[in-house]
Participant: 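Input: one structure, supplied below.
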Amino acid sequence: MPNGKSMADVAYDIMLTKKRAIQFNKLWEEVSKICKVSNDNIAQFYSDLSLDSRFASLKENKWDLTERRKYDESHIDISAIEL
């Protein structure tokens, strides 16, 4: 990894340069080139983004930084989930 950064850290750096949300596949292309990893790592990358609070998963498989989103857009109301 470049400078010892994780794929999520590289994605965060990329997203800081973007003005809006980005398709997951486009973000993966950029991250995989910079980190020099194969498509075998795509599932790990998706999991990393999902678990990292800096990122917000949006509709149509787009991702953005949580800090640029309203609370309602980046958080799920878990009270509606039935156990």
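Residue indices begin at 1 and follow the sequence shown.
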Participant: Parallel, tilted or perpendicular: which one describes the rings of Phe24 and Trp63, with boundaries at 30° and 60°?
Facilitator: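 Tilted.
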Participant: Please name the pair of heavy atoms, one in Ala8 and one in Asp52, separated by the smallest distance, quoted to 0.1 Å.
Facilitator: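 Where Ala8 meets Asp52 most closely, the heavy atoms are CB-OD2, 3.8 Å.
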Participant: When you compare the side chain of Ile22 with that of Lys62, does any pair of heavy atoms fall below 4.5 Å?
Facilitator: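 They are not in side-chain contact.
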Participant: Look at the side-chain heavy atoms of Ile, Leu, Val, Met, Phe, Trp and Tyr, link any pair under 4.5 Å apart, and say whether Leu51 and Met7 land in one connected group.
Facilitator: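 In one cluster with Leu51: Met7, no.
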Participant: Between atom OG of Ser47 and atom CD1 of Ile42, what is the distance when rounded to the nearest 0.5 Å?
Facilitator: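 So the gap between those two atoms works out to 11.0 Å.
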Participant: With rounding to the nearest 0.5 Å, note down the distance linking CZ in Phe45 to CG in Asp48.
Facilitator: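 Going from the CZ atom of Phe45 to the CG atom of Asp48 covers 8.0 Å.
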Participant: Does any part of the side chain of Tyr46, heavy atoms only, come nearer than 4.5 Å to the side chain of Asn41, both counted from C-beta?
Facilitator: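 Heavy-atom side-chain distance check fails, nothing below 4.5 Å.
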Participant: Would you say that Arg54 contacts Asp9 through its side chain, given a criterion of any heavy-atom pair below 4.5 Å between the two side chains?
Facilitator: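 The answer is yes, as the side chains (C-beta and beyond) meet within the 4.5 Å cut-off.
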Participant: Considering non-hydrogen atoms only, spot the tightest contact between Leu49 and Ala11 and give its length.
Facilitator: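 Heavy-atom minimum between the residues: CD2-CB, 4.1 Å.
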Participant: Working to the nearest 0.5 Å, report the span between OG of Ser32 and CG of Asn39.
Facilitator: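 With rounding to 0.5 Å, OG (Ser32) is 6.5 Å from CG (Asn39).
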Participant: Can you run down the salt bridge (Lys or Arg N to Asp or Glu O under 4.0 Å) pairs that involve residues 10-19, sequence neighbours left out, and say none if there aren't any?
Facilitator: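 Listed once each, the pairs are Lys5-Asp13, Lys18-Glu30.
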Participant: Please round to the nearest 0.5 Å and tell me the distance separating atom CG of Asn61 and atom NZ of Lys26.
Facilitator: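 Reported value, rounded in 0.5 Å steps: 12.5 Å.
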Participant: Report yes if some heavy atom in the side chain of Met15 is under 4.5 Å from a heavy atom in the side chain of Arg68; otherwise report no.
Facilitator: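 When only atoms from C-beta onward are counted, Arg68 and Met15 do touch, with a gap below 4.5 Å.
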Participant: In terms of ring plane angle, is the pair Phe55 and Tyr12 parallel, tilted or perpendicular, where the classes change at 30° and 60°?
Facilitator: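 Geometry flag for Tyr12 against Phe55: perpendicular rings.
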Participant: Testing the 3.5 Å rule here: is there a donor-acceptor pair between the side chains of Asn25 and Glu29?
Facilitator: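 Checked: Asn25/Glu29 side chains show no N/O donor-acceptor pair below 3.5 Å.
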Participant: Between Ala21 and Leu58, what is the shortest heavy-atom contact and its length?
Facilitator: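 Nearest heavy atoms, Ala21 then Leu58: CB-CD1, 3.7 Å.
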